[in-house]
Peer 1: 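My structure is below; once you've seen it, I'll send some questions.
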Amino acid sequence: MSNLLNNPHVLEKARAEFDKLVGQEKLVEEADVAKLPYLQSIISETLRLYPAAPLLVPHSASEICSIEGYEIPKDAIVMVNAWAIQRDPNLWDDALSFKPERFEEGKEMSDQIYKLMPFGLGRRACPGMVLAQHVLGLTLGPLIQCFEWERVSEKKIDMTEGQGLTMPKVQPLEAMCKASQLGKKLLCF
Ligand code: HEM
């Protein structure tokens, strides 16, 4: 929501996608989520810039191996800095900007699938990834459909990241909302 409030054109585009593909009569359902490419792009772009587990989970080398010329001893703990990789200007155009469009029609993903890793990669990647993506869509979707959102002031939402394994925001989000047409209908306002 913070990213959407800082980028109202993205919020508008997401709302237009809901109107077109889900309609103005019902809330988004599980079966709809996979058919909403822009919503999926918003989720990917949010997890790119703000991965819930920025260093993933510690891994251990089960045998001696080499990564980029560095010899890794057996049993060494290996941490992957997904946060840095997902913001690396050598890998991403305009790396620090919130631009869901970069994922449209697989633009970024077709050539280098290994640079977006909010759920890890490979054999130990998160088995809950698909469930999580559906739940994120089903949570964010109705917030976009049922409410019109605004920042509490002209100032952009402060996105400063705090300390902790899951990188919480330093300033909790404050925002204003009022029920949309669909919200009034479904929430009985
Ligand atoms: C937005 C939500 C979620 C995020 C960002 C996330 C992210 C991650 C990450 C980064 C890892 C470590 C991958 C690695 O180090 O390579 C992981 C592992 C794991 N996740 Fe998730 N996860 C999410 C939701 C879930 C859900 C909903 C479930 C279960 C229903 C789940 C179950 C697991 C399990 C069991 C592992 C350990 C896998 C293993 O070690 O083999 N996660 N997750």
Side-chain angles (χ1 to χ4, degrees), residues 1-7 10-11 13-14 30 33-141 143 156-173:
M1 278 315 299
S2 304
N3 285 311
L4 295 181
L5 284 158
N6 279 346
N7 297 276
V10 175
L11 183 54
K13 198 166 161 185
E30 194 179 347
V33 173
K35 297 181 210 147
L36 293 160
Y38 196 61
L39 177 69
Q40 299 296 338
S41 300
I42 289 172
I43 293 170
S44 295
E45 182 66 341
T46 303
L47 290 173
R48 180 183 75 83
L49 284 169
Y50 306 97
L55 298 177
L56 304 184
V57 166
H59 289 250
S60 155
S62 48
E63 53 190 59
I64 298 173
C65 62
S66 154
I67 302 177
E68 290 283 313
Y70 291 93
E71 186 170 301
I72 312 296
K74 183 174 182 305
D75 296 330
I77 295 197
V78 179
M79 310 283 286
V80 177
N81 192 341
W83 182 90
I85 294 168
Q86 292 178 175
R87 289 171 173 235
D88 185 343
N90 296 317
L91 298 176
W92 304 91
D93 286 340
D94 199 3
L96 298 184
S97 296
F98 183 79
K99 285 186 177 169
E101 284 72 15
R102 68 175 85 242
F103 293 108
E104 276 184 332
E105 291 161 26
K107 268 184 217 159
E108 286 280 6
M109 302 308 289
S110 55
D111 48 345
Q112 298 180 51
I113 54 167
Y114 296 123
K115 59 188 187 180
L116 182 72
M117 56 186 78
F119 296 97
L121 291 168
R123 266 198 300 188
R124 301 305 296 267
C126 177
M129 178 173 80
V130 175
L131 174 64
Q133 281 169 329
H134 271 80
V135 172
L136 288 173
L138 286 174
T139 309
L140 187 56
L143 290 176
K156 286 209 159 190
I157 309 284
D158 182 354
M159 298 299 290
T160 309
E161 298 146 10
Q163 290 178 349
L165 283 178
T166 54
M167 248 185 27
K169 262 164 94 335
V170 170
Q171 296 297 333
L173 172 63

Peer 1: Only counting residues at least two apart or in another chain, list the ones meeting side-chain hydrogen bond (donor to acceptor under 3.5 Å, both in side chains) with Asp88.
Peer 2: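 With sequence neighbours excluded, Asp88 shows a side-chain hydrogen bond (donor to acceptor under 3.5 Å, both in side chains) to Asn90, given in chain and number order.
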Peer 1: Quick check: closest heavy atoms across Leu140 and Met1, and the distance to 0.1 Å?
Peer 2: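 Heavy atoms of Leu140 and Met1 come nearest at CD1-SD, 3.8 Å.
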Peer 1: Tell me whether the count of non-hydrogen atoms from other residues, nucleotides or ligands lying under 6.0 Å of CG in Leu96 goes above 12.
Peer 2: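 For Leu96, atom CG is crowded (more than 12 foreign heavy atoms under 6.0 Å).
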Peer 1: Rounded to the nearest 0.5 Å, what separates atom CZ in Phe98 from atom CG in Asn3?
Peer 2: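 Separation between the atoms: 4.0 Å.
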Peer 1: Mind jotting down which residue pairs meet the side-chain hydrogen bond (donor to acceptor under 3.5 Å, both in side chains) criterion with at least one end in residues 46-74? Sequence neighbours excluded, please.
Peer 2: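 Residue pairs with at least one partner in residues 46-74: Glu45-Arg48.
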Peer 1: For the residue pair Gly137 and Ile43, what are the closest heavy atoms and their distance?
Peer 2: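 Shortest heavy-atom separation between Gly137 and Ile43 comes out as N-CD1, 3.7 Å.
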Peer 1: Return the OG to CG distance between Ser44 and Leu49, rounded to the nearest 0.5 Å.
Peer 2: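 Spacing of OG (Ser44) from CG (Leu49) equals 11.5 Å.
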Peer 1: Do you know the tightest heavy-atom contact between Ile72 and Ala61?
Peer 2: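 What the structure gives for the nearest pair is CG2-CB, 4.0 Å.
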Peer 1: Can I get a per-line list of side-chain donor-acceptor pairs under 3.5 Å for residues 161-171, giving both atom names and the distance, sequence neighbours left out?
Peer 2:
residue	atom	partner	partner atom	Å
Glu161	OE1	Trp83	NE1	3.4
Glu161	OE2	Arg87	NH2	2.9
Lys169	NZ	Asp158	O	2.9
Lys169	NZ	Gln171	O	2.7

Peer 1: Quick one, Leu91 with Gln86, criterion side chain to side chain contact (heavy atoms under 4.5 Å, CB included). Give me CA distance, side-chain angles, the key distance, then yes/no.
Peer 2: CA-CA 8 Å; Leu91 298 176; Gln86 292 178 175; over 6 Å; no
Peer 1: Who pairs with Lys13 by salt bridge (charged side-chain N to carboxylate O under 4.0 Å, His left out), at least two apart in sequence or on another chain?
Peer 2: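 Here the qualifying residues are Glu101, Glu104.
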Peer 1: Looking at side-chain heavy atoms only, is the closest gap between Leu5 and Lys156 below 4.5 Å?
Peer 2: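 Contact flag for Leu5/Lys156 side chains = no.
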Peer 1: Can you confirm whether Lys115 sits close enough to Trp92 that some side-chain heavy atom of one is under 4.5 Å from a side-chain heavy atom of the other?
Peer 2: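 Of all side-chain heavy-atom pairs linking Trp92 with Lys115, at least one is under 4.5 Å.
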Peer 1: Let me have the donor-acceptor pairs involving side chains of residues 116-135, under 3.5 Å, with sequence neighbours excluded, atom names and distances please.
Peer 2:
residue	atom	partner	partner atom	Å
His134	ND1	Val130	O	3.1

Peer 1: The criterion is salt bridge (charged side-chain N to carboxylate O under 4.0 Å, His left out); which residues satisfy it with Asp94, sequence neighbours excluded?
Peer 2: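 By the salt bridge (charged side-chain N to carboxylate O under 4.0 Å, His left out) rule, Asp94 matches Lys99.
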Peer 1: For Ala14 and Ile42, work out which heavy atoms get closest and say how close.
Peer 2: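 Result for this residue pair: CB-CD1, 3.7 Å.
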Peer 1: Which atoms form the tightest heavy-atom contact between Pro100 and Val10, and what is the distance?
Peer 2: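 Minimum heavy-atom contact is CG-CG1, 3.7 Å.
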Peer 1: Nearest 0.5 angstrom please: Leu143 CG to Leu138 CG, how far?
Peer 2: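 Here the interatomic distance stands at 11.0 Å.
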